[in-house]
Amino acid sequence: MTYTVGGYLAERLAQIGLKHHFVVPGDYNLVLLDQLLANRNMQQIGCCNELNCGFAAEGYARANGAGVAVVTYSVGALSAFNAMGGAYAENLPVIVVSGAPNTNDRASEHLLHHTLGTHDFTYQLEIAKKLACAAVSITSPDHAPDQIDYAIGTALRERKPAYIEIASNIAAAPCASPGPISAVVREDPSDPETLRAAIAAATKFLRGKQKPVLLIGSKLRAAGAERAAVELADALGCSVAVMAAAKSFFPEEHPQFVGTYWGEVSSPGVREIVDWSDGVVCLGTIFNDYSTVGWTAMPSGPNVLLADKNSVQLAGSHFNRIHLRDFLVGLAAKVEKRDATMVEFARIRQERMPEAPAELTAKLTRAEMVRQIRPLVTAETTVFAETGDSWFNGMQLKLPSGARFESEMQWGHIGWSVPASFGYAMGAADRRIVVMVGDGSFQLTAQEVAQMIRHKLPVIIFLVNNHGYTIEVEIHDGPYNNIKNWDYAGLIDAFNAEDGAGRGLLATNGGELADAIKIALANRDGPTLIECVIDRDDATGDLISWGRTVATANARPPRPQ
């Protein structure tokens, strides 16, 4: 068959396993959208705006390994770049495709709409280069195949977003047909000699430790090393903790799983066992001000081994060009059992008693809300926890094997969870999707609930209505943290219009919440939003402690010059 540039792109996207692409139309990408529609192996999914389109593609990448957002030039792409920055921070291969002006206008003195009103049309590409592992501008059909393959292949290998810009008069131009996809998705192997040296150094490091622990970070998934981490844990027999952003990246039903390490807001006993350890093996960890609670919980020094996606570092040694999974599998074959941390953890942990059910007519509390959400989390469930107290509420959910937990702790964009869960649900129709989101966050991206209704996705949204940005209140309060209240449950009727099956329900006490959950589970034809009304100051103690420490870090005075 004869391929066009847009058809080539569509074929490559389908070849890497994508069945959907997310779009917002604009005149510079309309011909491209026609070309993408011609590929029957992918479905085109419209979004309400470009920010949400980018986040939907990011959520889809969490479910399917990669995602695509197609937007128009400048007014669309600059909005999508926010989500692309999030994908970069969260190590997700999202491919942002933008239409662009006709090539004939680039050499003219024409001023074009959707631009800055100058003759420079390169600024969008230059911005994209800061936010992507690969950024290309396609202005010739002859070069398009190489440029498309380079962008897609680099994104998949580096687990980072890529940017492809296609001029409006090039999308339908004929080009070469695609070759085997294996040339695009190839992965450079670990350097054998370096891998052997890294394993030997790590084996020696662990041989000198009596009480090591494994600390799991969010890059573990990007490295494709989740199973390899379990293999190493089994071989060592030591305690395994996860960082908050890596919840569900190590099975919580594993006998060596001890909980979340998050400084003073860690799971009971976890901070103590990490502090007690004489060797912390960090796998794919990211240490920032949020994850270290204002730099108060950051393993460092000669007793720390840092194994990143493509490198290993320990006292006096640094090794690169090796894959984390290869390193973990090789190390598992060399280490000896070191279970002292499990013995000690059994001594120091303090089991949290499950909260007793509240009176059904009593005013709804945060604790009662979490208690009722817990039974919804099964092996087929994915939980999306929005930036804010939903992080800490989510940490209290016990995940059975197979359950997944998604958050955005590095980028931390409030409102991320709604469009991301929409994209995830499109890519994982067999899973139950539960979203925990605050009212302030919801107001940023609420429109994408309409797309959940459009595609009949049975997402369950627990929206906490406490009249403000609670996470900001606990860091630094002020009148700017107050928001205009909405009738959140009633909003679903507006989104339903004449043909939708979404449900919007209000819960002010435990009984109303229990009834709402029953309705949500029965509704298979659309999303259910449950508006949970709680007191403004009803936050987790963990958020309060975390917010105080982060505020202290933010308020450090400048260093003397």
Side-chain angles (χ1 to χ4, degrees), residues 5-6 8-10 12-13 21-36 47-58 61 66-89 92-141 143-144 146-155 158 160-173 411 413 419:
V5 171
Y8 186 102
L9 173 63
R12 282 307 199 205
L13 296 176
H21 56 279
F22 299 89
V23 309
V24 176
D27 61 338
Y28 288 123
N29 73 7
L30 297 178
V31 174
L32 174 61
L33 295 183
D34 288 339
Q35 299 299 310
L36 297 175
C47 295
C48 294
N49 62 52
E50 288 84 0
L51 173 64
N52 290 359
C53 183
F55 279 141
E58 191 254 44
V68 179
V70 186
V71 297
T72 195
Y73 187 70
S74 210
V75 294
L78 296 187
S79 290
F81 281 175
N82 189 331
M84 189 162 78
Y88 195 101
L92 293 163
V94 172
I95 300 161
V96 175
V97 183
S98 174
N102 187 294
T103 56
N104 295 296
D105 291 313
R106 298 175 185 240
S108 73
E109 292 300 313
H110 295 159
L111 288 180
L112 298 180
H113 68 289
H114 291 347
T115 72
L116 299 176
T118 70
H119 302 296
D120 177 14
F121 301 146
T122 65
Y123 61 89
Q124 183 167 297
L125 177 66
E126 293 305 310
I127 295 171
K129 289 177 180 178
K130 301 291 186 181
L131 303 171
C133 64
V136 299
S137 176
I138 298 176
T139 58
S140 164
H143 299 149
D146 277 345
Q147 291 177 289
I148 291 171
D149 286 359
Y150 163 71
I152 293 175
T154 305
E158 297 194 17
K160 297 286 188 182
Y163 171 76
I164 300 174
E165 183 176 292
I166 303 178
S168 60
N169 60 328
I170 298 297
W411 194 239
H413 189 298

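Treat the numbers as computed from the prediction; the structure is a model and nothing was measured.
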Is the shortest side-chain heavy-atom distance between P25 and L33 below 4.5 Å? yes
Should Y123 and S74 be marked as a side-chain hydrogen bond (donor to acceptor under 3.5 Å, both in side chains) after you check the CA-CA gap, both sets of side-chain angles, and the distance that decides it? CA-CA 9 Å; Y123 61 89; S74 210; 2.7 Å; yes
Using the rule side chain to side chain contact (heavy atoms under 4.5 Å, CB included), only one of V68, I164, I95 pairs with L9; which is it? I164
Say you draw a straight line from CG of N52 to CZ of F22; how long is it, rounded to the nearest 0.5 Å? 11.5 Å
Return the set of residues passing side-chain contact (heavy atoms from CB on, under 4.5 Å) with A128 (not counting sequence neighbours), or none when no residue passes. F81, M84, A135, Y163
Could you tell me the separation between the CD atom of E158 and the SG atom of C133, rounded to the nearest 0.5 Å? 4.5 Å
Euclidean distance, D146 CG relative to I138 CD1, rounded to 0.5 Å: 10.0 Å
Heavy-atom side-chain contact between H119 and L111 under 4.5 Å: yes
Measure across Y73 and A100 and return the closest heavy-atom pair with its distance rounded to 0.1 Å. CD1-CA, 4.0 Å
Identify which one of T72, I166, V23 satisfies the side chain to side chain contact (heavy atoms under 4.5 Å, CB included) criterion when paired with N29. T72
Does D149 reach the side chain of R12, with side-chain heavy atoms less than 4.5 Å apart? yes
Approximate separation, where rounding is to 0.5 Å, of T103 OG1 and N169 CG: 3.5 Å
Nearest heavy atoms of G67 and A61, plus distance in Å: N-CB, 3.7 Å
Give the minimum heavy-atom separation between S98 and A77, together with the two atoms involved. OG-CB, 3.9 Å
Tightest non-hydrogen contact, residues W411 and A89, listed as CE3-CB, 4.0 Å
Examine distances only and state if a side-chain atom of K160 and a backbone atom of A132 form a donor-acceptor pair shorter than 3.5 Å. no
State the OG1-CD distance between T139 and E165, to the nearest 0.5 angstrom. 9.0 Å
Please report the closest heavy-atom contact between V71 and C53, naming both atoms and the distance. CG1-SG, 4.4 Å
Under the rule for salt bridge (Lys or Arg N to Asp or Glu O under 4.0 Å), what residues qualify as partners of K130, not counting sequence neighbours? none
Shortest non-hydrogen contact from G6 to L32? CA-CD1, 3.8 Å
Roughly how far, to the nearest 0.5 Å, is CG of L78 from NE2 of H114? 11.5 Å
Plane angle bin for H113 and Y28 - parallel if under 30°, tilted between 30 and 60°, otherwise perpendicular: parallel
Is any side-chain heavy atom of L112 closer than 4.5 Å to a side-chain heavy atom of F121? yes
Could you go step by step and tell me if I152 and L13 meet the side-chain contact (heavy atoms from CB on, under 4.5 Å) rule? CA-CA 8 Å; I152 293 175; L13 296 176; 4.0 Å; yes
